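First up is the structure itself, then whatever we jot down about it.
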Amino acid sequence: MAKTKKTIYFCQNCGFESSKWMGQCPACKEWNTFAEEIVDKRELKGRKEVKDVQTTILKDITSSSEERISTHMEELDRVLGGGIVKGSLVLVGGDPGIGKSTLLLQVCKNLSGEDLNLLYISGEESLQQIKIRADRMGEFSDRLALLCETNLDLIKSVIEREKPDIVVIDSIQTMFNEQVSSAPGSVSQVRESTSILMQIAKGLGITVFVVGHVTKEGVVAGPRVLEHMVDTVLYFEGDRHASYRVLRGVKNRFGSTDEIGVFEMRANGLKEVTNPSEFMLDGRPEGASGSVVACSMEGTRPILIEIQALVSRSAFGMPRRTSVGVDYNRVNLLMAVLEKRLHIPLGDYDAYVNIAGGVRMNEPAIDLGLVLAIYSSFKDIIIEESTICFGEVGLSGEVRSVNMIEQRINEAQKLGFKKVILPRVSMKNLEGKFDIELIGVDNIKDAVDTI
Ligand code: TYD
Ligand code: MG
C-alpha cells in the first residue's frame, strides 16, 4: 500500500482543517487553537467498479423494526427513544465530574443482570478505581468485564475476540491508534478513533457507548465532527453544586431529541427522578413577590418550574439586566413589551430573572411566566402560590396559544394547583374536563389584571 505523509493543521476547538498555521480559526473565530498533526493518506485499494454498484427501490426494502434493549432506567430509555438500539454508537458528553462514568457503569449494572455480555473499557481510571465506584452501587453479575486500555487497535481485537453485546469507552479523548501520529485527544485521533468504533458498532452489531469531555463552551472537546459521525448524542448537564442532573438528547437517529431525563446523584449512584416538577418546585418561597410557577414541555413531558424576578430601581443611568436559565434577549424583549403595552417605566429599573433550580428552559410557553414574575416584582404584588401560567407573548402584548394544553393542565392538577392562567384561544374544548379554575387571557393586560 502506498503511503504519503502529510502535515495538516487542525483547529482543536472545531476541527477546521488548514494546510498552514493560522492565529485565528476562520470557522469558529477562536485564537491560537491550531495544532500540527501528521495524517497518513493511503491509496485506496480494490476500488469498486461502477457496474458493481446498484441502486435500490425504496418500496422494495422490507422494514424490520429495530430491536430495543431496555436499560431499566426509564429516564434514560426515554431520552434514547425507547431503549438501546442494537449496533448504535451513542456519545455521552458532559463536564468532568458530572457523572458520565457513573451513569454508564450503572447501565452496565442493570444490563449485566440480563442475558447480555458487557465490556467496560476505561482509559482514565484503574481497575481499583472502577471497583471502588462499583462497590457504591451494589451487586454486579459476572457478565461485566473490565479493561484498562487506551490503544484502540488492541481494543478492536479484544472486542472481536470477546464479542460482547455492549461496549463502553470511557473516554474517547484518551484513546489513540498507532496509524495517527498526533497526541490522544487531538482532532485527527478522535476522528480516527470514532470511525474505528463506528466500524465495530455497525460491522459486529455491538452497541457502543462513548464518553466525551466537553470544552468550556459546552461542546464535545475538540471535534464537532464527532457529533456528525455518531448515531446519538446525549449531554449530561446540571449544576455541580446541586444534586440533580439532566440528560438531554441533542441528536438521535432513532428517536426525538427534545426528551430529557432527570436524575439525582446519591451516595450510591444515580437515582431517577420520575416527578421532576415536584423536585424543581421544592423549597419555593411563601408569600414572596416576583415568583410564579410556569409550565414548560420538555419533549412529551410537562415540567413545572419556578420563575423568579427581582426588579429594583437602578442606581446608575444604565439599568442592569441579568438572566439565568432563560435567554437574555427574550427577557429584554418581554420587558420592552411590558413597558410599551402597560406603560410601566422599566427602563429605570434593574432586572434579574432566574429559573430556580439551575435548569435551562427555552420554550416560548414560559413567556407569560416571565412577564408575570417581572410585573409582580415591579408592583410588589404576591401571586397566589396555587397559580400556574403558560402562554407565548407576542410583540403587541397578545398571549398566543401553545401546544399540549391538556398535558400541562393535568400536571398542574396532579401537583395540587388551583388556578391556571392560559391563552384564551387555547381554551376551546376544555370545558368540564378539569376541576381546576381556568382563566383565559387575550393579552398581558388581562393577565396582570388576574393577579
Ligand atoms: P463521575 O461519574 O466520575 O464523573 P465523570 O465521569 O462525568 O467525570 O462522577 C463523579 C462525581 O459523582 C464525583 O464527584 C462523586 C460523585 N458520586 C456520587 O455522589 N455518588 C456515587 O455513587 C458516585 C459513584 C459518584
Ligand atoms: Mg469519568
Side-chain angles (χ1 to χ4, degrees), residues 71-73 75-76 79-80 89-113 118-141 144-150 152 155 166-176 184-185 189-190 193-194 197 208-222 226-227 230 232-250 260-273 279 282 357-360:
T71 59
H72 300 283
M73 291 166 112
E75 298 290 304
L76 177 60
V79 179
L80 286 170
L89 186 58
V90 182
L91 174 69
V92 181
D95 290 326
I98 204 81
K100 302 179 293 296
S101 309
T102 308
L103 177 73
L104 292 178
L105 196 60
Q106 211 154 329
V107 170
C108 289
K109 174 176 183 282
N110 291 351
L111 292 175
S112 67
L118 298 117
L119 180 57
Y120 186 101
I121 302 166
S122 179
E124 301 196 331
E125 291 164 311
S126 68
L127 292 174
Q128 275 310 315
Q129 284 170 311
I130 300 171
K131 173 75 178 150
I132 294 169
R133 187 200 307 271
D135 281 344
R136 297 169 75 164
M137 294 180 192
E139 275 301 305
F140 279 72
S141 88
L144 173 63
L146 298 181
L147 173 67
C148 288
E149 183 55 63
T150 55
L152 212 63
I155 290 175
I166 289 168
V167 174
V168 175
I169 305 278
D170 191 359
S171 65
I172 191 77
Q173 275 87 8
T174 55
M175 298 294 150
F176 78 97
Q189 276 292 2
V190 170
S193 306
T194 312
L197 293 172
V208 184
F209 282 92
V210 177
V211 171
H213 294 287
V214 299
T215 59
K216 57 184 191 303
E217 284 80 27
V219 294
V220 173
L226 196 66
E227 291 189 12
V230 302
T232 304
V233 181
L234 308 178
Y235 274 103
F236 208 30
E237 55 191 34
D239 194 345
R240 272 243 237 155
H241 308 288
S243 62
Y244 75 87
R245 305 277 185 270
V246 176
L247 189 68
R248 209 179 273 280
V250 208
I260 64 166
V262 185
F263 297 87
E264 189 187 350
M265 185 62 98
R266 296 265 186 97
N268 54 357
L270 289 159
K271 190 173 176 297
E272 293 173 74
V273 176
F279 200 76
D282 205 21
V359 278
R360 257 205 91 75

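Every number for a ligand or one of its atoms is a count from 1 in the order of the listing. Nothing here was measured: the structure is a model prediction, and the numbers come from that model. Hydrogens, waters and symmetry mates play no part in the numbers below; they use all other heavy atoms, side chains included.
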Requested in this report: Return yes or no for this condition: an N or O of P96 is under 3.5 Å from an N or O of ligand 1.
Outcome: no

Query raised in the report: Does the E75 side chain pair with the main chain of V262, one donor and one acceptor, at a distance under 3.5 Å?
Result: yes

Query raised in the report: With no hydrogens and no angle check, is any side-chain donor or acceptor of R136 less than 3.5 Å from a backbone partner on A267?
Result: yes

Query raised in the report: Can an N or O of M137 be found at a distance shorter than 3.5 Å from an N or O of ligand 1?
Result: no

Query raised in the report: Can any side-chain N or O of R245 pair as donor or acceptor with the backbone N or O of F236 at less than 3.5 Å?
Result: no

Query raised in the report: When you look for heavy atoms under 4.0 Å from ligand 1, do you find them on the side chain of L270, its backbone, both, or neither?
Result: neither

Query raised in the report: Is there a side-chain contact between S193 and V190 (heavy atoms, below 4.5 Å)?
Result: no

Query raised in the report: Does G97 come within less than 4.0 Å of ligand 1, judged by its heavy atoms?
Result: yes

Requested in this report: Could you tell me whether E125 and ligand 1 have an N or O pair separated by under 3.5 Å?
Outcome: no

Query raised in the report: Does a side-chain heavy-atom distance below 4.5 Å link P184 with T150?
Result: no

Report task. Answer with yes or no whether E124 contacts ligand 1, where contact means a heavy atom under 4.0 Å from a ligand atom. Result -> no

Requested in this report: Could you say whether the N/O atoms of M265 and ligand 1 ever approach to under 3.5 Å?
Outcome: no

Report task. Side-chain contact test, heavy atoms from C-beta onward, threshold under 4.5 Å: evaluate it for L118 versus V107 and give yes or no. Result -> no

Report summary line: Within 4.0 Å of some non-hydrogen atom of N268, the atoms of ligand 1 are 22 (O)

Requested in this report: Give the numbers and elements of all ligand 1 atoms closer than 4.0 Å to a heavy atom of R266.
Outcome: 18 (C), 19 (O), 20 (N), 21 (C), 22 (O)

Requested in this report: Check which protein N, O or S atoms are less than 2.8 Å from the Mg ion (ligand 2) and report how many there are.
Outcome: 1

Requested in this report: Say whether, by atom type as modelled, one donor and one acceptor occur between the side chain of N110 and the main chain of T71 under 3.5 angstrom.
Outcome: yes

Query - Side chain to side chain, L197 and I155, heavy atoms closer than 4.5 Å - result: no

Query - Residue list, side-chain contact (heavy atoms from CB on, under 4.5 Å) with M137, at least two apart or on another chain - result: T102, L105, Q106, K109, R133, F140

**Report entry** The one among R136, K100, H213 that brings a heavy atom closest to atom 23 (C) of ligand 1
**Finding:** R136

Report task. May I ask you to test the D170-L104 pair for a side-chain heavy-atom distance under 4.5 Å? Result -> no

Query raised in the report: Does any non-hydrogen side-chain atom of C108 lie less than 4.5 Å from one of F209?
Result: no

Query raised in the report: Taking only heavy atoms of T102, which atoms of ligand 1 are found under 4.0 Å from at least one of them?
Result: 1 (P), 2 (O), 9 (O), 24 (C), 25 (C)

